Protein chains: 2
Amino acid sequence: MTTEVSTTRSSTKAERVRQAVLADIVSGALPAGAPLDEVVLAGQHAVSRTPVREALRRLQSDGLLEPGPRRQLLVVDVSPARRREVTTLRVALEGAAAVHACTTRDDDDLDRLELLVLKQRRAADAGDAETFLRLDEEFHLALAGAARMPTLSRMLAQLGAFVRLGRLGEVTTATHLRGLVREHEELLALLRSRAADDLRARLATHIEQTAPRT
Amino acid sequence: MTTEVSTTRSSTKAERVRQAVLADIVSGALPAGAPLDEVVLAGQHAVSRTPVREALRRLQSDGLLEPGPRRQLLVVDVSPARRREVTTLRVALEGAAAVHACTTRDDDDLDRLELLVLKQRRAADAGDAETFLRLDEEFHLALAGAARMPTLSRMLAQLGAFVRLGRLGEVTTATHLRGLVREHEELLALLRSRAADDLRARLATHIEQTAPRT
DNA sequence: AGTCAGTCGAATGTATACAAGTGTTCGTCA
DNA sequence: TGACGAACACTTGTATACATTCGACTGACT
């Protein structure tokens with residue numbers, strides 16, 4: 001039994017709506033500043049206001065929606081400053097996780113990460129940026145997961161939406177992707193040898209280089 | 001206009017219920033593992049299930065409630081390991097904020113912090129631990145706030161509940177409190193002189209010493 | 001003509017009624 | 001007597017109807 005975190009069975013309508021709206025936000029279909037109307041969304045998804053409401057409240061508490069004028073919920077604007085903040089937070093959180101993971105990590109953790117890197121290489125060779133980005137996020141979450149710090153993992157998962165948002169119009173060549181795979185391999189090697197400080201340093205530069213330049 | 005973050009006007013019933021349940025959790029009235037029933041809470045607070053439901057979902061997404069057997073929501077158990085995790089996270093997040101704050105801080109920030117330290121001294125001299133702990137949390141949030149990193153501030157605010165939970169049965173003498181005030185004064189001085197690295201180091205030891213020993 | 005007040009409207013906040021799923025218990029059959 | 005199954009009760013998920021609040025528009029008065 002692996003993580004199965006992202007394969008969340010959306011047994012509940014509220015959760016399905018949340019996933020759908022989230023997807024629309026990170027895909028750019030709902031741009032920054034777009035107002036979200038409960039009744040409109042309810043109509044679009046053929047459900048009542050109740051599950052829509054629940055979905056919106058959760059997205060709000062994740063920081064993706066903010067209250068605006070006229071009592072509306074607006075899609076948050078991810079400014080360059082905010083992107084830098086997210087990068088800083090990732091460095092701080094993933095760095096702390098990486099250090100801890102060097103003492104708590106498990107052979108299963110290594111196996112999982114190895115598998116992810118393998119899939120990443122395939123996606124990179126195929127030039128499939130979308131798949132690669134999903135695997136990249138999984139890799140970073142799995143790396144943090146090896147630290148057995150559930151609160152930290154939850155915070156990183158929250159940041160994930162902002163990371164995806166920041167990467168919206170990013171252009172990524174196959175060569176570039178292969179370079180990232182290589183870095184992941186190196187990070188994995190450092191985790192395997194429990195080189196905590198080296199891992200943290202390397203992870204920091206990796207995250208900062210991955211982040212959009214601006 | 002200052003922060004007014006904590007003085008959240010509870011204009012909505014859902015928010016009032018949330019505050020009440022949160023207070024019951026951090027006060028120990030609702031111990032770890034206690035199941036929360038929507039209809040019972042609705043009765044206790046003389047509201048319908050709808051706002052109760054909303055309050056519970058928010059507390060859940062803050063990590064204070066977890067789904068348990070029988071489809072129930074249970075108050076999360078704060079184990080020693082989790083307390084250590086929270087401390088690690090505070091060091092990572094507040095440390096990053098402190099470094100950043102050394103370049104973004106404002107004279108108003110210093111004034112706010114100064115005022116908080118002043119009030120802390122009064123509370124410490126009076127041996128009023130409860131007031132002091134509230135001011136302590138405000139101080140740390142204000143310090144992080146000087147970094148102008150809203151996402152980080154929100155994450156720290158979430159952690160606040162765990163910090164308060166971890167401090168539940170803590171005994172604090174007036175002498176101990178005065179020592180903490182002294183440390184806050186020193187942190188403030190380092191922020192004032194923009195000594196980023198020193199501030200981060202000092203803040204780390206401060207947080208680790210504040211945390212329960214276990 | 002500008003400003004203030006009152007009313008109207010559209011959104012969210014709340015209550016309640018209904019549906020659906022799950023655990024439990026009781027009964028029956030092997 | 002034990003195990004399997006079906007019915008029931010309790011809880012949460014959803015829908016809808018009602019209340020409330022805040023903003024905007026319009027009207028009159030200064």
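Being a predicted model, the structure only gives us computed values, none of them experimental. All heavy atoms count here, side chains included; hydrogens, waters and symmetry mates do not. Chain identifiers are assigned alphabetically (A, B, ...) following the order of the sequence lines, protein sequences preceding nucleic acid strands; residue numbering begins at 1 within each chain.
To the nearest 0.5 Å, the span separating CG on Leu89(B) from CG on Leu152(A) amounts to 5.0 Å. A distance of 9.5 Å separates CD1 of Ile25(B) from CZ of Phe162(B), quoted to the nearest 0.5 Å.
One finds no side-chain N or O of Thr50(A) lying less than 4.0 angstrom from the OP1 or OP2 phosphate oxygen of dT14(D). Under 4.0 angstrom from either OP1 or OP2 of dA15(D) there lies at least one side-chain N or O belonging to Lys13(A).
Comparing Val47(A) and Pro69(A), the nucleotide of DNA chain D nearest to each residue sits closer to the 5' end for Val47(A).
Screening residues 142-151 of chain A for salt bridge (charged side-chain N to carboxylate O under 4.0 Å, His left out), with sequence neighbours left out, gives Asp109(A)-Arg148(A).
Looking at Glu54(B) and Arg58(B), no side-chain N of the basic residue comes within less than 4.0 Å of a carboxylate O on the acidic one, giving no salt bridge. Ion pairing between Glu138(A) and Arg112(A) fails under the 4.0 Å rule for side-chain N and carboxylate O.
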key: Contact pattern, 5' to 3', of nucleotides 6-12 of chain D - B, S or - by protein heavy atom under 4.0 Å   = ------B
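With rounding to whole Å, Arg18(B) atom CZ is found 15 Å from dG13(C) atom P. Separating the CG atom of Leu65(A) from the P atom of dA11(C) is a distance of 17 Å, rounded to the nearest angstrom. Residue Glu54(B) contributes atom CD, which lies 10 Å from atom C1' of dT14(C) at whole-angstrom precision.
Note on ring orientation: taking the six-membered ring where Trp is involved, the planes of His184(A) and His140(A) are perpendicular (angle over 60°, cut-offs 30° and 60°).
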